[in-house]
Every structure is written in structure tokens, then in C-alpha cells.
Amino acid sequence: MNAPNKSGWKPEMNASEDGMHNGPATVTGNRALMLEEPLIFEIGHAETTGVDLPEISEGRSRLGSFARNETIGLPGLTEPETVRHYTRLSRQNYAIDLGLFPLGSCTMKHNPRLNEKVARMPGFADVHPLQPQGTVRGALEVINELAEWLLKLTGMHGVAMSPKAGAHGELCGILCIRAALEARGDAREVVLVPESAHGTNPATAAFANYRVENIPANEDGRVDLEALKARLGPDVAAVMITNPNTCGLFERDMKAISDAVHEAGGFVYCDGANFNAIVGKVRPGDLGVDAMHINLHKTFSTPHGGGGPGSGPVVLSEALSPFGPLPFTARTADGVVHLAEEENAAEFGHTQAFGRMTAFHGQMGMFTRALSYILSHGADGLKQVAEDAVLNANYILRSLEDLLDAPFAASGPCMHEALFGDQGFAEGLSTLDLAKALIDEGYHPMTMYFPLVVHGAMLVEPTETESKASLDQFIAALRGVAERALAGDESMKQAPYYAPRRRLDETQAARKPVLAWHEPAPPAGTPTLSEQGGS
Ligand SMILES: *Cc1c(COP(=O)(O)O)cnc(C)c1O
């Protein structure tokens, strides 16, 4: 650390004290390129600033009682100090650009650099949502062309481009369903959700004021069709189904499920987060789906997680399309138009929009990236994406099933993710311990304890962008930690050993997050930050 450290902060652990690195302790707590970094409040000073501003001339403030009467208390750092702080922190993150990211259900695939190049073109990167339409015709063409591709790939009728993530898209789809039901004066109250559903599904239904009821899974990890049929009735507004499901399996009965739901007067919502496994192979429209969100940031490679915002367009059936939210785009004889107002939309027969999901059109930067991805792959390339994603997941499943419990491996190949359970782990060792040991091996852990239908679940999604060499390396690492868990290697309980921080209390962090920094009590006699002008 080169910044003075006013809080007396000390690195949590010096690895050499553990005897792991066989070297002397360092003064800084750094270990060569493994750099320790305090919080920005601990290195910055409220009384300094990185920029020179002219003195404020005495003027009449119009803020009245809103005027600030204390200092703002933000740490002042110079530009190089700021850049270094965030660069140092960024080096402690795992990223898809560093290695295989097996987080199941998240489709952490490589983000092709071509997409980035296209998204950075000034004509796309610099557009403003309030610019006159005549000056953004190219951007509107991009939105519309992407919309057309999504419709072609899904076999659906309409698409709402504006939702900004998968969960936001789910809400959009459920609100379309609610609007369609209300339009026919039908006050249904229940949304059915299978046991294996992603947590966002019941959350969305509850948020939209529906009562959520579970549908059990059958022996082989799929929706129990008979149980579903038995529950259908005049109070069921919709069924929300993920296909392929979160056990990594294709719902073979999807068409029969849709037919039964439609016959009972309900709608079918498909969670399309797993579209990567079937893109170019199966059209959800052919399976009777009424609404499905597509995570552009999963299937179509736009960055996500720490790397960028999501984008969750929702494709809609003919029955739901009239209720889709504003704004949307439409092709006219003079090019693509952006329809943001009710009266304009009505000219295009779109008279029943339920409202809007966002202020503007959605995530432009993700649209350009997704379209660039689609066009660079082409129809054949997209089909190969699905095939290779499924092949890679099956390679992982078959390479580990002799060691790890693979509850559905006997029912045939998986789709794009391989699911394992903790059966056979030595007493006292858990999936969490295995995941922490995997961090020491240099991998982000897989999705854990989800889906809930498998004890100690580990959901591994390699995606198609990993080479065989990269898969083999990951498999070797996973086999290594699995063997330790089976053999009862107690040292795993203390893992990770080599991460910048050791085992954290994640429950505490999630339930009681500490979101504000408070200056620690200074040693007696030192002026406090607030006495120096900070707060
Ligand atoms: C990722 C995911 C979602 C939610 O999408 P976000 O973009 O994270 O809001 C919903 N369902 C499934 C199955 C997912 O994997």
C-alpha cells in the first residue's frame, strides 16, 4: 500500500503466518502482485480533493432549506489514487475474462470483442433517449432488427424490448397476462410454479399480487403433468415454467402442459433464461408459450454480473401482444418508428398496452451487442451454440458422475447444465466446503443449493465458449475437491486459504448488510475526521 492508512487497518491475514507461502511476512501485507487494499474512506481524506475548483463567489442560493449545512464527507483522492484503488479492487474479482465461470443458470459465456467494438461506435454509444427521432434512425433500425430476430428465433408474435433484466421481463410478461385477463373480465388469482422454478418466478407472481402454488416434480426431475392438470381450474391465471428447467432437463411435456393450461383458460409463462440450450433448435412459440423473457445477457453474450447491465426482452403470443407495454418499434414505408405514446401506438393497432416498464426504450448498448452476436453467428452458428453448450455440459456430467452424485444422470443426457448433489460427502462436509475449496483452485464456484429439489445441489453450466482443454482443467479441479469431500478432508472447512479474504459470513452480509462506513474510534488524542471537516 502506498496510501497512508489512518484507521490503523491491518490485512486480515498474512499468508506467510500460516506457513503457506514459506516466505517472511511482508510489511505491507501485499504478496507481490496480490495487493491488499483498504476501503476508499480509509485512504481518502475529506479535506483534500483531486481537482482544483475556483472559489465559489457569494451568490444568492435558491436552495432555501434544502441547502447543505454540513460538509459532504466524501473521501478526496487524486486521479491516480482513485484509478489505483478501483484497479486494485478489480483484481480481486473473478471474471469471465479470467477463467471458466461455471455458475449454473447464469450462462456466463465469453463476451465477443466484436460486440464491444460495435457497441462503442459513436452512432450507438452516444445516442440520447431524448434526441429527435430523425437523428437516431440507425439505432431504431437496430432495435427493430433485433426484435425481428428474437421473433424469428422464438416463433412468437410480438416482443417488448424495454425490460431491463430477466426478472423485469417476468414482471412484464405477468402484467401482460393480467391485462389480458382483465380485458375479458376474468379475475383469476393463482399462478402455478413448479418446485424447480427459479426464485424470481414465484417472486414475480407474488409481486404482481397473485397467490403462488407449487407443482411437484416427478422422479426424473420434470414437471408432474398429471399433478399440474389436476390443479388447473378457473382460478389459475398462469403457469410459470422454465424450459429447459433448472435441473438442466428439457420439459418434454411442454406442449401437453400448454394445451392443458390453455384449455383451462390460463396462460403459459416460460422463463427463457435457459434459452441458450435450445436457441436455433426449438421455437417456444411451437410449444404453446404465451410469454417468455430472453436474457440477452445470457444467451446473446452481452456482459453481465459485474460486467454490465442486463436486458430482458419479452416475446409474446398473438393473444398477449396487444397488451405489451410501450414503447415499441414498427417498420413503416419510411423506416422504423419508435412508438412511445398511446395515440401513436393506436395507429398501429396497439391499443391495449398495459403501460410501460421503463422510461425509455431499454438497454441500447445491450441491443447493439446482442444483434452483433446474432449476426456474427448467423442461423447455423446459433444452432451450433446450443449444440456445443449441451455437449460441454454432458462432457462434465459424464466426467464426474462416477465420483459425484448425479441424481438425473440415469434419465439421459442433460441440456446445457450438469446437476450434482452432495450424497456421499463425508460427515460434516458440505457443498459449501467444496465450493470454498474450488475458490482456492482458482474457479468461481458453481451455483449451490439450487435447485432445491436436489440435496446440496451443485449446478454447473460450462457454456459453449469453453475449449476441451479448459473443460478438462476444470474437471480435474472439481474431481480433486470432490475426492477431498468424499474422503472427509477436514481442512476444507477452513477454505478458502488463498483468497484475499477467508470464509465470510454470507448470511450475515445478505441479511444485515453494512452499507455505511463509520470512522473507527481513533487512538486518544488524534483529531477525528469530522473535526477536520469531514463527517
Ligand atoms: C438469470 C435467471 C433469471 C433472472 O434473470 P435476471 O436477468 O438475473 O433478472 C430468471 N430465471 C432463471 C432460470 C435464470 O437463470
Side-chain angles (χ1 to χ4, degrees), residues 147 150-151 154-163 166-193 197 200-213 215 228 231-243 254-255 257-272 283-294 312-330 339-343 345-358 362:
L150 297 181
L151 292 177
T154 56
M156 299 287 278
H157 191 264
V159 55
M161 297 297 287
S162 61
H168 203 212
E170 286 175 36
L171 182 62
C172 175
I174 289 294
L175 291 177
C176 287
I177 289 171
R178 149 153 283 159
L181 288 169
E182 278 173 359
R184 69 179 196 217
D186 194 343
R188 293 170 180 243
E189 288 174 357
V190 176
V191 168
L192 302 181
V193 177
T200 49
N201 298 180
T204 296
F207 190 71
N209 240 351
Y210 285 105
R211 206 168 69 239
V212 179
E213 283 185 32
I215 295 294
L228 176 81
R231 179 55 192 87
L232 288 172
D235 59 340
V236 175
V239 175
M240 294 182 88
I241 290 187
T242 308
N243 197 16
M254 194 64 205
K255 185 70 173 69
I257 291 171
S258 299
D259 290 346
V261 174
H262 289 152
E263 200 161 308
F267 289 96
V268 178
Y269 188 91
C270 181
D271 179 331
R283 300 190 312 165
D286 297 335
L287 301 175
V289 168
D290 289 298
M292 180 180 95
H293 72 262
I294 296 169
V314 181
V315 287
L316 299 165
S317 63
E318 197 165 356
L320 289 186
S321 288
F323 303 95
L326 296 171
F328 63 97
T329 58
L339 301 159
E341 307 299 334
E342 261 132 53
E343 39 303 3
E347 282 171 43
F348 289 80
H350 197 91
T351 51
Q352 290 167 284
F354 72 74
R356 9 171 100 233
M357 295 298 293
T358 61

Quiz prompt | side chain to side chain contact (heavy atoms under 4.5 Å, CB included) evaluation trace for Leu192 with Arg231 | solution = CA-CA 9 Å; Leu192 302 181; Arg231 179 55 192 87; 3.7 Å; yes

*Is a side-chain donor or acceptor of Arg178 paired with a backbone partner of Ala208 at a separation under 3.5 angstrom?*
yes

Do side-chain atoms of Arg356 reach the backbone of Ser162 as a donor and acceptor pair under 3.5 angstrom?
no

As an exercise, state the distance from [atom1] of [X] to [atom2] of [Y], rounded to the nearest 0.5 Å.
X	Y	atom1	atom2	value
Met292	Leu287	CE	CG	9.5 Å
Ile177	Tyr269	CD1	OH	8.0 Å
Glu213	Leu228	CD	CG	11.5 Å
Leu181	Cys176	CG	SG	11.0 Å
Ile294	Leu150	CD1	CG	4.5 Å
Ser317	His262	OG	NE2	6.5 Å

Could you tell me whether Phe348 atom CZ has more than 12 heavy atoms of other residues or ligands within 6.0 Å of it? yes

- Task: Count the heavy atoms of every other residue, nucleotide or ligand shown that sit under 6.0 Å from CD of Glu343, and state whether that count exceeds 12.
- Result: yes

_Could you tell me if the side chain of His293 sits less than 4.5 Å from the side chain of Asp271, heavy atoms only?_
yes

Scanning both residues in full, the closest heavy-atom pair of Glu341 with Leu326 reads C-CD1, 4.0 Å

Result for side-chain contact (heavy atoms from CB on, under 4.5 Å) between Met254 and one of Ile241, Asp259, Asp286 points to Ile241

Subject >> Six-ring centre of Phe267, Arg188 cation under 6.0 angstrom, axis tolerance 45° >> reply: no

- Query: Passes side chain to side chain contact (heavy atoms under 4.5 Å, CB included), Val268 versus Val239? Steps please.
  - Reply: CA-CA 5 Å; Val268 178; Val239 175; 5.5 Å; no

